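All of these numbers come straight from a predicted model, not from anything done at the bench.
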Amino acid sequence: MPNRTALYDRHVALGGRMVDFGGWDLPQQYTSIRDEHLAVRKAAGLFDISHMGRLDLVGPRAEEFLQHVLTNDVAGVEPGRAQYNLMCLEDGGVVDDLVIYRRGHEHFLVVVNAANREKDIAWLRKHLPDGTTLTDRTLEVGLIALQGPRAEELMPKGSSETKAIPYFGFAAGKVAGVPALISRTGYTGEDGFELFIENDRLGSVWDAILESGRSSGVVPAGLGARDATRLEAALRLYGNDMDESVNPYEAGLGWTVKPDKGEFIGSEALAKVKQAGPRRRLIGLSLKAGDIPRHGAAVTSGGKKVGAVTSGTHSFFLGHPIALALVEGPSFPVGETLGVDVRGREASAEVVKLPFYRGSAHSAASPAKS
């Protein structure tokens, strides 16, 4: 039976169409994916993302440990800052993508994908040094995200000032009078906040945000809108755009690999990939209205299969279908036309520059130091 977040009853009361996602009962949508999608782009949408794994890492060797198991350089992350990261196998395949939050010199919060939580915990504990503790707090602490260009101004009464929180920064404060960890991060391409709140107070904060923001266009948003907005921003989805058979360079995430920091799990294999060049590359595709590409659909060039769609949807905001595809060999140039299998016929797809859409996230504050 799937897990349920502390907001399950509220989702049902709001008309949420519940689905199993990563072992959790979550709303696919409340009204329509289109309306929720556009609300995130124009005002703000409120997401329940309590399914994401939340792990506390504490100890004098916590930084050293993360440097060993992650690709990015954690040493440069100051307290109050977050960093996007990858965890790889020895052969360079991606175990998971995650975000680390530095709460103190010896204290990190690690947020991992829901479907990978147990796998990630086992992997981390396998390499955990003596004197360092890893605690799973997923079932104790809730996580919701208010995302959109007006998110900051639409925080409810009784909330802490957030203007000083930089992009990929966080601070302890209050939301609607309730203690929270307020992080300027997200998965939509827009400005906004991910709010870590104890489960027994989560419902009151959810209610306060929706009540105070309703007249300004704030709506509850489900998985459908989250997937569409993240794809427009070309943010990768683990299990679709990458997995243990895909390395960071193939996924277009080579910028997270910092070989100068010293050896880490997968560093030797990734150095070889960088030197030789990746065998496959992730590209963006734009299609005509009605030609919606699906995960796994064949991508062709000159009648020959060159790869497959990893993520695809109709973009209500852009007005046409978009897709990410993993293709063999050197990347196809922007403007080139490829074929994509759509319901048994070959549809025309144009290679486009990523991201498909650049929202308010990077303009809201200084970019992440990562």
Side-chain angles (χ1 to χ4, degrees), residues 5 7-22 24-52 143-156 175-176 185-195 202-203 205-235 237 240 286-295 311-324 355-361 364:
T5 76
L7 299 174
Y8 176 84
D9 290 341
R10 283 172 167 82
H11 298 320
V12 173
L14 287 166
R17 185 183 299 173
M18 308 304 286
V19 297
D20 184 341
F21 182 78
W24 291 78
D25 262 335
L26 291 167
Q28 175 70 12
Q29 63 191 76
Y30 299 89
T31 53
S32 75
I33 293 175
R34 177 186 180 277
D35 290 348
E36 294 163 24
H37 180 168
L38 294 178
V40 173
R41 290 285 179 246
K42 295 178 179 179
L46 183 62
F47 299 86
D48 180 6
I49 54 172
S50 298
H51 60 298
M52 303 291 287
L143 182 56
I144 57 178
L146 181 64
Q147 299 281 296
R150 299 183 62 196
E152 185 165 70
E153 65 178 279
L154 295 175
M155 289 280 272
V175 180
T185 46
Y187 194 51
T188 63
E190 298 295 350
D191 187 25
F193 304 96
E194 293 179 322
L195 310 169
L202 189 64
V205 176
W206 173 271
D207 294 344
I209 293 173
L210 290 180
E211 185 177 343
S212 67
R214 186 174 291 112
S215 62
S216 298
V218 176
V219 302
L223 294 168
R226 190 165 185 254
D227 188 56
T229 51
R230 73 91 193 167
L231 183 50
E232 289 174 343
L235 299 172
L237 173 63
N240 280 43
S286 174
L287 293 89
K288 294 177 183 177
D291 292 339
I292 302 176
R294 297 304 184 194
H295 175 73
S311 290
T313 193
H314 176 77
S315 168
F316 292 108
F317 188 73
L318 299 176
H320 59 83
I322 56 175
L324 293 175
F356 302 100
Y357 167 78
R358 194 177 295 279
S360 57

With sequence neighbours excluded, residues passing salt bridge (charged side-chain N to carboxylate O under 4.0 Å, His left out) with Arg230: Asp227, Asp241
Side chains of residues 287-294: which donor-acceptor partners sit under 3.5 Å, not counting sequence neighbours?
| residue | atom | partner | partner atom | Å |
| --- | --- | --- | --- | --- |
| Asp291 | OD1 | Arg345 | NH1 | 3.4 |
| Asp291 | OD1 | Arg345 | NH2 | 2.4 |

Pairs meeting criterion salt bridge (charged side-chain N to carboxylate O under 4.0 Å, His left out) with involvement of residues 24-33, two or more places apart: Arg4-Asp25
Where Trp206 and Pro220 come nearest, the two heavy atoms and their spacing: CZ2-CB, 4.0 Å
Leu202 CG to Thr5 OG1 distance, which is reported to the nearest 0.5 Å: 7.0 Å
With Asp35 via salt bridge (charged side-chain N to carboxylate O under 4.0 Å, His left out) - residues at least two apart: none
Residues that Glu232 engages under salt bridge (charged side-chain N to carboxylate O under 4.0 Å, His left out), provided they are two or more places apart: Arg41
Inter-residue atom distance Leu237.CG - Leu231.CG, 0.5 Å rounding: 9.0 Å
Qualifying salt bridge (charged side-chain N to carboxylate O under 4.0 Å, His left out) pairs with a residue from residues 7-21, counting only residues at least two apart or across chains: Arg10-Asp207
Under the salt bridge (charged side-chain N to carboxylate O under 4.0 Å, His left out) test, residues paired with Glu211 that sit two or more places apart: none
Reported NE2-to-CG distance for the pair His11 and Asp48, which is rounded to 0.5 angstrom: 3.5 Å
Aromatic plane relationship, His51 with Phe21 - under 30° parallel, 30 to 60° tilted, over 60° perpendicular: perpendicular
Residue pair Leu195 / Leu143, side-chain heavy-atom distance below 4.5 Å: no
Results of ring-ring contact (aromatic ring centres under 6.0 Å, His included) for Phe317 - residues two or more places apart only: Tyr357
Derivation of the side-chain contact (heavy atoms from CB on, under 4.5 Å) call for Trp24 and Ile49: CA-CA 10 Å; Trp24 291 78; Ile49 54 172; over 6 Å; no
Residues which pass side-chain contact (heavy atoms from CB on, under 4.5 Å) with His295, listed by chain and number, not counting sequence neighbours: Asn240
Candidate pair Thr31 and Glu36, rule side-chain contact (heavy atoms from CB on, under 4.5 Å), full reasoning: CA-CA 7 Å; Thr31 53; Glu36 294 163 24; 3.5 Å; yes
Which side-chain N or O atoms in residues 145-156 pair as donor and acceptor under 3.5 Å with protein atoms at least two apart or in another chain?
| residue | atom | partner | partner atom | Å |
| --- | --- | --- | --- | --- |
| Gln147 | OE1 | Thr188 | OG1 | 2.9 |
| Gln147 | NE2 | Thr185 | O | 3.1 |
| Arg150 | NE | Glu153 | OE1 | 3.3 |
| Arg150 | NE | Glu153 | OE2 | 3.4 |
| Arg150 | NH1 | Ser216 | O | 3.4 |
| Arg150 | NH2 | Glu153 | OE1 | 3.0 |
| Glu152 | OE2 | Thr162 | OG1 | 3.0 |
| Glu152 | OE2 | Lys163 | N | 3.4 |
| Glu152 | OE2 | Arg184 | NH1 | 3.4 |
| Glu152 | OE2 | Arg184 | NH2 | 3.0 |

Contacts of Gln28 that satisfy side-chain contact (heavy atoms from CB on, under 4.5 Å) - sequence neighbours left out: Val19, Ile33, Leu223
Spacing of Phe47 atom CZ and Leu7 atom CG [to the nearest 0.5 Å]: 14.0 Å
Nearest heavy atoms of Glu190 and Ser360, plus distance in Å: OE1-OG, 2.6 Å
All side-chain contact (heavy atoms from CB on, under 4.5 Å) counterparts of Ala39, not counting sequence neighbours: Val219
Separation of Ser286 OG from His320 NE2 (nearest 0.5 Å): 4.0 Å
Polar side chain donor-acceptor pair, Thr229 to His37, under 3.5 angstrom: no
